[in-house]
Structure formats: C-alpha cells, structure tokens
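Bear in mind the structure is a predicted one, so any value in this text is a computation, not a measurement.
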Amino acid sequence: MPPTNPSSKTASTAACLPLEPPPGGLCAIHQPNFFPRLTTLAKLFAADCWIVLDDVQFTRRDYQHRTRLAALDNPADRWWLSIPTHLPLGRRTLIRDAVMAEPAQSQRRTTRVLRQHFGTSPYWHAFEQALAPVLDAFTTSDRTAPVAETSTRALLDLLGWQGRILRSSSLPARPERSQRLADLAAAVGARTYLCGPGGMQYLNATPFTAAGIAVTPFNLSEADAWETARDISSIWTLMRIGPQHLANALQTTSAAEPGPKTMAWLNTRRDVSTGSATALPDQGRCADDCRPAGRDVAPRPL
C-alpha cells in the first residue's frame, strides 16, 4: 500500500463506479458497517480495494445499522447507537434496500451522542470535520446503507487510506457464496483476497485458485487490546490516540507477516501536546446491565 497521509484527499471520496482497476493488490469484501469496530477497519485499511457487500440480506443482529460505543475514560461502559431501520421485504430485504425509519431524528441523535461522549477528546475537531459527510448522508437518501458506508469512508479518509471503494451490486458475480466472493475479487483485478476469521470457517478456496487469486487470512490476536477492538467502534481508539498514531499503527499491522496481529499500543493513550503515554483503565467486557434493554448480543466478526 502507498504511505499513509491522514491529511491527504483520498480516492475513497470518489463515487462508487464499476470501473475495472489495474490488476494486482489486496481486496476486502465486507458489508457496510455503521462506524465499524477497529478489527473491521483494520482489515479494510490493509486492503487496496474495499468491495461494499450491499446486495446480501440485511441482518438486524449485525452492525449494518448500529455501532457499540464506549466511554472515553472507561471502555467497559458501553451502549448502542442505532439507526432505526425498516425492512420493506422483511427478512428478505437486502442491505441496499433497508430504509431509515427516522432519518432526521437519527441524524440529530448521532450528532448529540458523539459530541456528548467524545467532544472532550483532543482529537474531536478532526473527527468532527470528517463527520460532516456522514451527517449529510442522512438527508441525501432514505436508505440506511449509504449512511453506514459513508461512516466507514469517513474513518478511512481520516486515516489517509489510499484505496478504492466499489459496491458488489455494480459488479458481476455468480450466486454460490465462495464463487461469488471470488468473482467479485476478480472483477476488480485483485490478486489477493483478505479473509477474516469468520469467512475462513466456510470459504471454499477452489474458485479463488481457479481465478488465480490467493486467499490470505486476516487474523487478529484474541489477547490484549484486540479484545476491546472486536467489541466497540473504532471511534473510541481514534479519540484516545488520534488519527496519525492510529494510521501509523494500522500501517505497521498491514505490513506485518501473516498470522495473528497484536496491538499492545492500544492500551495507552498518547497525549497530543506532550507525546507522553498514559495507561488506560481496565478493559473488561461489557456486563449485561450495560446493554440497553431489548438489544441483542453482538455477533462474531466476519
């Protein structure tokens, strides 16, 4: 990947167009997530192309319309920020067809909650600027997916990611699950497909081999800071250590040899003015009573 420059204008701000890129590079395929967890963001950051999987079934127990936030000074204090979503076809509704039930209220709630809980961070100003297109997305479409996709774009842009973004609905692919992923990767000229641990459990590598595409697992350590990174939005880490430090760390992780990735640096906060590091409080798992009533447990990552 090209060097990371958080202040640069990246290609991901361009429209999603079904243009075939030159052969080569790493491809990640993932549903649009609303302010994704750091584990998801790390996989996308490691790729040269993100294919937004928008033409598969919407899943209420996933992160397509919600994100789990954590208190800036205590990551064990957690809650959901959700976009109420209507499924016109019930469980058969595709991600791209899911409709926001209360777009104006959701926009105001998103603005209020993020400012209330992260406004004291020294990195809030940079994040607030990146947040503008996300808030605009609530008004330019009645669909949930564009808001979720734009929230991920905003984080990648803030970190200086130089990759390309396309949508699966604009690319040709056959229906069988593994064949479909291989077809999508081939359609963008990828030579390597980055696959998370959930996908590796079912993936059939045969279609990829036939297309000349390598499958590389994107494994993350179950220990240390990654335990928190799997559970809560990447906003928390961004507000703790800042865009530059996070971008540098993700760049190092992306360049690492295959195998479980570790990020012990997430256990400290780097002060923006002095560069000193401060230990974070204990990062235990969220207890049942810190989930809002009626919310279900988050699924395993893809």
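By the 30° and 60° cut-offs, the orientation of the rings of H117 relative to W79 is tilted.
Side-chain contact between F218 and Y193 is absent, with no heavy atoms from C-beta onward closer than 4.5 Å. Counting heavy atoms from C-beta on, the side chains of F138 and I83 come closer than 4.5 Å. The side-chain heavy atoms of I95 and D55, taken from C-beta on, include no pair separated by under 4.5 Å. The side-chain heavy atoms of L155 and F35, taken from C-beta on, include a pair separated by under 4.5 Å. Two residues are said to be in side-chain contact when any heavy atoms from C-beta on lie closer than 4.5 Å; C49 and L166 meet this criterion. Contact check for L238 versus F118: no side-chain heavy atoms found under the 4.5 Å cut-off. Annotation: side chain of D54 is not in contact with side chain of L94 (no heavy-atom distance under 4.5 Å). Counting heavy atoms from C-beta on, the side chains of P146 and S141 come closer than 4.5 Å.
At a cut-off of 3.5 Å, with distance as the only test, a side-chain donor of T144 or T85 sits close to an acceptor on the other residue.
Looking at R143, its side chain does come within 3.5 Å of a backbone N or O of R96 through a donor-acceptor pair. Proximity of a side-chain donor or acceptor of T252 to a complementary backbone N or O of N248 within less than 3.5 Å is detected.
Taking 4.0 Å as the cut-off between side-chain N and carboxylate O, R180 and E176 do not count as a salt-bridged pair. Salt bridge absent: R164 and D48 never bring a charged side-chain N and a carboxylate O closer than 4.0 Å.
Of all heavy-atom pairs between L72 and W236, the closest is O-NE1, 3.6 Å.
Residues W124 and L81 are members of one and the same hydrophobic cluster, defined by side-chain heavy-atom contacts under 4.5 angstrom among Ile, Leu, Val, Met, Phe, Trp and Tyr.
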